[in-house]
Every structure is written in structure tokens, then in C-alpha cells.
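Because the structure is a prediction, the values reported are computed rather than measured. Side chains are part of it too, since the values below use all heavy atoms of this structure and drop only hydrogens, waters and symmetry mates.
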Amino acid sequence: MSEEKETMHQDFLHKIVSEDIKEGTFSREICTRFPPEPNGYLHIGSAYAIHTNYSIAKKFNGHFNLRFDDTNPLKEDIEYVNAIIEDIDWLGYNPGNRIYFGSDYSDEIYQYAISLIKKGKAYVCDLSPEEMTEYRGTLTEPGKESPYRNRSIEENLDLFTRMKNGEFPTGAKVLRAKIDMSSPNMNLRDPVIYRIIHAHHYRTGNKWCIYPMYDFAHPIQDAIEGITHSLCSIEFKDHRPLYEWVLNELDISEPPKQREFGRLNITGVVTSKRYLKELIAGEYVDGWDDPRLPTIRGLRRRGYTPESIQNFIEEIGLIKHQSTVDIAMLEHFIRQDLQTKVPSAMAILNPLKVVITNYPEDEFEYLPIENNAKNDELGKRNVPFSKVIYIEKDDFMETPVKGFHRLSPDKEVRLKGAYFIKCNEVIKDDDGEIIELHCTYDPETKSGTGFKGRKVKATIHWVSALHGVKADVHLYDSLFINHEIPKDDKINWLDMINPQSKVIVKDCIVEPSLVEAKPEERFQFIRHGYFCVDHKYSTKKKLVFNRIVSLKDSWKKTK
RNA sequence: UGGGAAGUAGCCAAGUGGUAAGGCAACGGACUUUGACUCCGUGAUGCGUAGGUUCGAUCCCUACCUUCCCAGCCA
């Protein structure tokens, strides 16, 4: 099925790779990579990039490398390395033993820099950062050549060696590629390729005090690993000429190809590391794994499955430029995935007490209810039923509006898996608030008996008061008001954040079977949506459920 | 105002000289022991705009418009 689809429609990256295979561009096997910098956690956009590289490798029986792009000691940390490996593993994109570190190639990269200097294609520059900015020119004006541009090869070699040996302080000098200060492409105006940073690196320790820049290190890393297709996002398009320049000057044979795809944006959700860090640092959210965040850890805690994320990415297809996918699409895929996989249960979020006046006192019975209406393999469970039950407040209206066909005075509804009940009396407190309903049940209407005597318009869920268990439920909504994504430089997060984005509903009453639920276990709460056990806060004493996504509700919409 | 990209329905996205796939959303209807699911049905005389070439243009040509990326010793 998918084979058919793939032969019918090939996206542009598949076409490029197919073409390279057909023409024998590479004598080695296809190899792609995902090169995160270990300075933050992965998010849905990273998953998109991983998926793109991974699926191409798989499609063409090639390899997929996970490579930590760690050439900046100031930003990187082992904590992130471990988190990234764990997240990728959870997502289901297994790099096997192909986990590499850019910093492991420090010696090679250094040697390549030396050979560039020897070719007269790189020079040590003493300009200060401010001067360099000035010399760089602007978008519309060409830059000026550095006064250090024409140092002799010998001098450059000597200076670069001394840079490496730690003779100069941080930032004192840089190594630059000698390309073209008047190029309309800013990246080609003698880009810095090595800088001095006297700092401890989480892997190489204090071995180095010079570190290569991304634009120099990346093509070399790709070449060392035998990458054939280096697939990255569109903002690197302008860097491609530099990527190719490096590979060409270094005489790399069968050089890897950089190709670009568009970045994934999703409505109402923010993925920039800067914003994510601000939200977390300001404690506007509950850490990197806050269920409202599009981080992999957030999605996981929220209850998303790896399969739903993969299917979502697959369906979007390859993005060519700028696009923002509706979050409803993601929600669709998690509903679709969970629908047949997960057992259902009854949970009352907003309880209303119902006394069944003609049901025997102090008695109860177990009623078998299917765990999944779409999947018999999930079997049945026995749910206790008794004289006093709770139903959802919303399922009763004293004076029903047009179209409402749940419970109201003198009306009858079915209790899921149990009996028909009829409302006879509405009990109110002194303030006129409805606190209790008196109903009668009809034993003949018991579920499973095939009773066809009369019909009801609705089936509602319930929990026996005697057996129900208390639980907290966390309901999530868009983190930002009106799904509006912040884009200013200085953001007043307080003005942006939707106060309803996390609603804690305390003392819900859930079916007793739920006390067995394990962290991260998912359920459908009938007529509410999909929920999972929060692995951070849920305990045996106090169950906490996260709402993954609600069920669609065509009734709410008409109201 | 320099360079690089991209414009197909509310959103994503195929197609690319021969008369506009698919998914999400929305809206009807059927079914229903979840107002869920499922099923059926409804969308562009139109492919950023204006010209041109052609028997024929979303596709080719020209001009224009809009949006995004680039002036880190970040990646």
C-alpha cells in the first residue's frame, strides 16, 4: 500500500536521492544524519527533521547517523546528550550504534584547517568583533577586506598554531576562510571558521581552546562519516555555497550533498529554543516536559504516542518553504491512533449525585462493559453498579434546550452498560442549586438483554458512588491566547499566556478499575476524550490524569 | 533598495502543456448502548496579479505583488 503511494508520488528529496543512485553519484551507501546541538531538548520540529533524514535512509536501504554537533563548549552539556538519545529512542527512530560526536573529529578538523592555510585559503585575523561587523558590509553594500587578509602562509601557520597552543586570550584572533568580501551572500564574506574559547568542553575537557564554527565543521563531519545527503532546514540554504566551498577546497571526493527542506510550524505552538527557555526559566510552564509544550518530553507527558507523531509527519509531507500546520491535524492523528488501542473507562469530571430510589439498599452488582467498542480483543471489565451513582452535571438539564436529549425531568436515558433511568425529582439546596436527582430504573432494560421495548435518545456514563475513586484531572488548552504565537523581541509572557491553558479539576470520580493504572497508561474516558496517567505527579494515593485530547463533540458546537 | 527561496480551497499538500489527487478543518445526512467512531454527501470555471506564447496554460515567457531567510567569534 505504502509502496504504491511512494511510487506514485515522490517528493523532491526522494527524487534527488533516486537520481543519485541511478547515476551512481556515490560509490558508498546512502547515509543521512540528524545533527542536534546538545544545548536543549528536542521538539516536534526536530522530530520532523529526524523523520525526514531517517525515512530517506530507510527507504533507500541506507544508514542514519545521530551526530551531536558539539563545537561550542559554552552551550553544550551531557545532560542534553542523554535526553536527546532518550527522546529519539522513544520516538522510534533508532540510530543503533551510529551515535557520533562532532567533537570526536577535532583533530581531523584542525588538520583540514591547516591544509586550508597551506593553500592560502585561510588566514588569521586580528579584527575585533566590532571591527569585523563594520568590515563585513551590509546586505546592500559589499564588505571591505581585512588588513590581515594577506598575511603570509608561514605567519598564518605560526599564528594558528599559537592560537591552538593557548597563547592568546579568548576572542583575540580568529581563523577566517579567504573567499570574497563583496559576495552578495554574506556567508561568503570571509567567514570565521575557528575562534578562541578558553572553556571546558563537556567531552574534550581542556584539550582545546580553539573551536571550529558550524560552517567549517559540518561539511567535514559529514564527509568523515560518509554522509551522502545532508538534509537540513531551509535557513541553511544560503550556507550551501560555503558547505560546498569547504568540501571542494579540501578535495573531498564524492562529497556529501546538502539539501534543504522547510521548517515545520504548528498553530498555537512555539518551538524556538529561545522562547522555550524563556517560558521555562520564567516558570510559566512546568519545565521542559510541560504537557502544553511541543517538546518531545511535553508531548510524551501529555500522552501522545510515537506512532501518532510519525503518522502526522508522514501526512504533512515534505515542506518546501514556510508553512504552518493546524494543530487540529496533530490531534486527529492521536485520536486515530488511540481509538482502537486503548481501553475506555468512565470518569465523572463534574459530579451530580443520582439516587435510584427503586434500587435495593446496600446492594450492588457487577456489570460487564466492553473495554473498547472498536476492538473486541481488549475484552470486558466488570463495573460495579449501585443505588447511588454520579453522573456528569452537564448530562442533566432541568429545562432542556431544544435538541438536548440527555436527562431531564420525566425523561429517560440509558446508563452506559446498565439500565434506563428516569428522572422523577430534582433536589436543590437553599440557593436553588441542583444537588441531587431522584430517579427510578427499569430492571427490564438491563444492558445485554436485548431489550427493545422502547428507545432512549442518549446514553450517558456514570460511576457508582460506593465504588468510585477520586482523582485529579488536568485539562489542557492552547498555551497562548487565541492560539496567537508570540513574535516580538521583548515578550510580556503574562499577556500572552492563556490562563485556561491548564485547568486542574479536583476530586473527579472515576471507575475503581483505574486505581491499577500505571504511569503513562492511556485511556478513553467515555464521552470526554483520551487521558493518560501523569508520570510526574500521579501517585497510588492520588491519581492524576492528563487530558491528551478531547473527543470531537458536535453537540457542544451547536450550543 | 543586495542575495536566496516560496506563492494551488480556512490549513497542509499532489499535479506541471490537455482541462485541478489526497488529508485536516467546516457543513449536511445516515447509523449509534460514547452527540464519539463509521458511512454517504458538499467544496477552487480556479492554481498570487496583469499581460503574452499556444488549438489549449496552474504548468512556458515578461513584468509586478506578497511572504520568509541572510549583516553571531550561535547552530
Side-chain angles (χ1 to χ4, degrees), chain A residues 5 8-9 11 35-37 39 69-72 74-76 125 127-129 132-134 136-143 170-176 183-189 191-197 211 213-215 217-218 232-241 260 262-264 266-267 273 312 315-333 335-336 339-340 344 346 369-370 373-374 403-406 413-418 420 445 447-448 451 456-461 524-529 550-558:
Chain A
K5 196 181 164 190
M8 275 164 60
H9 306 297
D11 60 60
E37 183 185 18
N39 70 341
D69 202 346
D70 51 358
T71 56
N72 187 342
L74 268 17
K75 295 191 169 183
E76 297 143 8
C125 181
L127 250 28
S128 71
M132 196 151 347
T133 302
E134 200 186 311
R136 187 157 32 230
T138 67
L139 294 178
T140 51
E141 296 157 321
T170 294
K173 296 181 191 310
V174 294
L175 184 70
R176 292 226 258 168
S183 171
N185 182 344
M186 301 295 284
N187 297 300
L188 264 20
R189 319 244 261 227
V192 172
I193 58 177
Y194 258 98
R195 76 285 215 196
I196 302 170
I197 303 174
Y211 293 89
M213 297 286 287
Y214 167 87
D215 281 316
H218 205 82
C232 62
S233 47
I234 204 80
E235 66 267 32
F236 290 101
K237 186 103 183 174
D238 288 344
H239 294 244
R240 190 152 114 194
E260 308 81 11
R263 272 183 98 97
L264 171 64
I266 299 177
T267 56
K273 271 180 192 164
F312 167 72
E315 182 58 41
I316 292 166
L318 249 206
I319 295 168
K320 271 186 281 187
H321 194 59
Q322 261 255 116
S323 54
T324 303
V325 176
D326 196 326
I327 188 89
M329 185 91 99
L330 220 205
E331 293 176 345
H332 163 78
F333 282 100
R335 286 193 190 101
Q336 186 192 65
Q339 194 196 337
T340 55
S344 39
M346 296 194 284
I369 299 182
E370 78 280 350
K374 293 285 174 190
F404 183 83
H405 46 253
R406 276 108 90 154
V413 291
R414 182 195 299 276
L415 294 177
K416 171 72 186 176
F420 286 11
T445 60
S447 276
F451 175 80
V456 286
K457 278 189 180 162
T459 296
I460 64 173
H461 59 280
Q524 185 199 106
F525 287 174
I526 288 190
R527 302 208 303 132
H528 279 301
S550 67
L551 250 30
K552 293 217 270 182
D553 187 348
S554 60
W555 166 243
K556 242 177 214 160
K557 264 182 282 188
T558 63

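- Annotation: U8(B) and G46(B) have their C1' atoms spaced 9 Å apart (nearest Å).
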Give me the distances for all protein-to-nucleotides 73-75 of chain B N/O pairs that come in under 3.5 Å?
unit_1: C73(B); atom_1: OP2; unit_2: R136(A); atom_2: NH1; d: 3.1
unit_1: C73(B); atom_1: N3; unit_2: G171(A); atom_2: O; d: 3.1
unit_1: C73(B); atom_1: N4; unit_2: L127(A); atom_2: O; d: 2.9
unit_1: C73(B); atom_1: N4; unit_2: G171(A); atom_2: O; d: 3.2
unit_1: C74(B); atom_1: OP2; unit_2: R195(A); atom_2: NE; d: 3.2
unit_1: C74(B); atom_1: OP2; unit_2: R195(A); atom_2: NH2; d: 2.9
unit_1: C74(B); atom_1: O3'; unit_2: R195(A); atom_2: NH2; d: 3.2
unit_1: C74(B); atom_1: O2'; unit_2: K75(A); atom_2: NZ; d: 3.1
unit_1: A75(B); atom_1: OP1; unit_2: T71(A); atom_2: OG1; d: 3.0
unit_1: A75(B); atom_1: OP1; unit_2: R195(A); atom_2: NH1; d: 3.4
unit_1: A75(B); atom_1: OP1; unit_2: R195(A); atom_2: NH2; d: 2.9
unit_1: A75(B); atom_1: OP2; unit_2: Y214(A); atom_2: N; d: 3.0
unit_1: A75(B); atom_1: O3'; unit_2: D69(A); atom_2: OD2; d: 2.9
unit_1: A75(B); atom_1: N6; unit_2: H239(A); atom_2: NE2; d: 3.4

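- For T140(A) and G3(B), the shortest distance from a side-chain N or O to OP1 or OP2 is not below 4.0 Å.
- When heavy atoms are screened at a 4.0 angstrom cut-off, L139(A) is found touching base atoms of the nucleic acid.
- Taking the P atoms as reference points, G22(B) lies 12 Å from G43(B), given to the whole Å.
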Q.
Generate the contact string for nucleotides 32-41 of chain B. Rules: B means base contact, S means sugar-phosphate contact only, - means no protein heavy atom under 4.0 Å.
A. -BBBSB----
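- Between E37(A) and K75(A) no salt bridge is recorded (no basic side-chain N to carboxylate O distance below 4.0 Å).
- A donor-acceptor pair under 3.5 Å is absent between the side-chain atoms of R263(A) and the main chain of S233(A), judged by distance alone.
- Nearest to the side chain of Q322(A), among C12(B), C68(B), C70(B), sits C68(B).
- Nucleotides U62(B) and A57(B) place their C1' atoms 15 Å apart, quoted to the nearest Å.
- Per the geometry, CZ belonging to F312(A) stands 11 Å off C1' belonging to C11(B), to the nearest Å.
- Nucleotides G72(B) and C24(B) place their P atoms 45 Å apart, quoted to the nearest Å.
- You'll find that the side chain of T138(A) is closest to A71(B), out of A13(B), A71(B), G23(B).
- Proximity of K237(A) to the phosphate of A6(B): no side-chain N or O atom is located under 4.0 Å from OP1 or OP2.
- Rounded to a whole angstrom, the distance from the C1' atom of C70(B) to that of U1(B) is 16 Å.
- Using a 4.0 Å heavy-atom cutoff across all strands shown, T324(A) reaches sugar-phosphate atoms only and no base atom.
- Between the side chain of D326(A) and the base of G10(B) there is no donor-acceptor pair of N/O atoms closer than 3.5 Å.
- To the nearest whole angstrom, the two P atoms, one in A20(B) and one in U45(B), are 11 Å apart.
- The environment of K457(A) atom NZ is sparse: at most 12 non-hydrogen atoms of other residues, nucleotides or ligands sit within 6.0 angstrom.
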